[in-house]
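Notes for the one structure printed next.
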Amino acid sequence: ILAANVPVVEKNGRNLKLEGSATNMLLWSSAPTTANGWTATNCNSVVSTHSIITKSDGTPIFAHRLTATADNGRMRSAGLSVTSGSTYSLSIYGEQASNALFRLAFTDGTSDLVMTFNPATRVFTVIQDAANLLLSSKYEVVDEVAGIYRVSLAVTSKTTGTAGAVSLGLMANGASMYASGLQFEAGPVATSYIYTEGAAVTRASAGADTSGNGLQMPLTQAQIDSLV
């Protein structure tokens with residue numbers, strides 16, 4: 001998670017990633033609690049002292065530990081604006097706290113998509129998708145470091161309005177996980193996490209300028225390879 005005007009160097013140390021503008025529509029995206037407007041269904045969400053991601057200055061973002069108090073326990077964020085025919089990406093950072101299947105869900109207000117992700121096998125399973133909301137089977141592990149997964153799925157809304165909602169949870173009673181860095185954004189691909197609290201946050205489009213060489217690239221999405 002980087003502040004403005006900080007270059008994103010990918011983990012191989014050779015690629016500079018330039019990202020287009022994006023907005024994380026989820027409020028309190030690293031603190032999914034009822035106090036912050038999320039709805040709990042058979043699920044407890046408590047802030048922990050365990051950090052799985054950090055802010056740009058190295059400050060830890062303490063993950064919330066979600067524990068299912070019955071099967072299909074989940075935390076839900078509603079009121080998302082969606083447009084018929086538009087594609088959105090839902091992504092999360094998660095880590096198992098116990099033997100758990102992560103549960104991810106999206107609704108456009110009329111149709112529902114529910115998927116699970118098994119961290120042990122890295123397998124996604126579609127539980128419910130009667131309206132074919134899932135776009136081209138686009139779901140993936142974006143990144144994995146020491147048992148921490150960033151997973152994403154792409155969905156296409158069939159309606160227009162503000163009835164969009166997403167949820168995160170666990171399939172089995174008693175299962176628990178650490179969750180942080182949730183993001184819901186326009187487009188089929190998850191971009192770098194944008195931290196939010198009580199309002200949606202937009203990241204400006206990135207660009208590159210090699211001073212003195214006359215090269216300027218205010219790009220919407222690009223990579224400069226082989227920097228070293």
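It should be emphasised that the depicted structure is a prediction, and the values quoted were computed from it without experimental measurement.
- Using a distance-only test at 3.5 Å, with no hydrogens or angles considered, a donor-acceptor pair links the side chain of Ser30 to the main chain of Gly181.
- For the residue pair Tyr195 and Glu197, a side-chain donor N or O sits within less than 3.5 Å of a side-chain acceptor on the partner.
- The hydrophobic clustering, which links ILVMFWY residues whose side-chain heavy atoms are closer than 4.5 Å, places Ile148 and Val47 apart.
- Side chain of Glu95 to backbone of Ile52: no donor-acceptor contact under 3.5 angstrom is found.
- A heavy-atom distance below 4.5 Å is found between the side chains of Arg150 and Ser91.
- Asn44 and Thr67 form no side-chain donor-acceptor contact under 3.5 Å, judged by distance and modelled atom types alone.
- With Thr196 contributing its side chain and Ala200 its backbone, the two residues share no donor-acceptor pair below 3.5 Å.
- Formation of a donor-acceptor pair under 3.5 Å by the Thr159 side chain with backbone atoms of Asp108 is found in this model.
- Looking at Ser180 and Tyr193, their side chains never bring a donor and an acceptor atom within 3.5 Å of each other.
- The side-chain heavy atoms of Ile61 and Tyr93, taken from C-beta on, include no pair separated by under 4.5 Å.
- Side-chain N or O atoms of Asp129 include none that pairs as donor or acceptor with a backbone N or O of Leu113 at under 3.5 Å.
- The backbone N or O of Ser176 lies less than 3.5 Å from a partner atom in the side chain of Ser98, making a donor-acceptor pair.
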Pairs under 3.5 angstrom only: tabulate donor-acceptor contacts from the side chains of residues 70-86 to other protein residues two or more places apart or in another chain.
{"residue": "Asp71", "atom": "OD1", "partner": "Asn173", "partner atom": "N", "Å": "2.9"}
{"residue": "Arg74", "atom": "NH1", "partner": "Asn72", "partner atom": "O", "Å": "2.7"}
{"residue": "Ser84", "atom": "OG", "partner": "Lys158", "partner atom": "O", "Å": "3.3"}

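- Side-chain polar atoms of Thr116 and Arg103 form no donor-acceptor pair below 3.5 angstrom.
- Side-chain N/O atoms of Thr23 and Glu185 include no donor and acceptor closer than 3.5 Å.
- Residues Asn24 and Val201 have side chains not in contact (no heavy-atom distance under 4.5 Å, counting atoms from C-beta outward).
- Applying the ring-ring contact (aromatic ring centres under 6.0 Å, His included) test to pairs two or more places apart or on separate chains, those with a residue in residues 150-191 are His50-Tyr178, Tyr88-Phe184, Phe106-Phe184.
- Pairs passing the ring-ring contact (aromatic ring centres under 6.0 Å, His included) check and including a residue from residues 151-174, sequence neighbours excluded, do not occur.
- Inspection of the Thr191 and Arg203 side chains reveals an N or O donor paired with an N or O acceptor under 3.5 Å.
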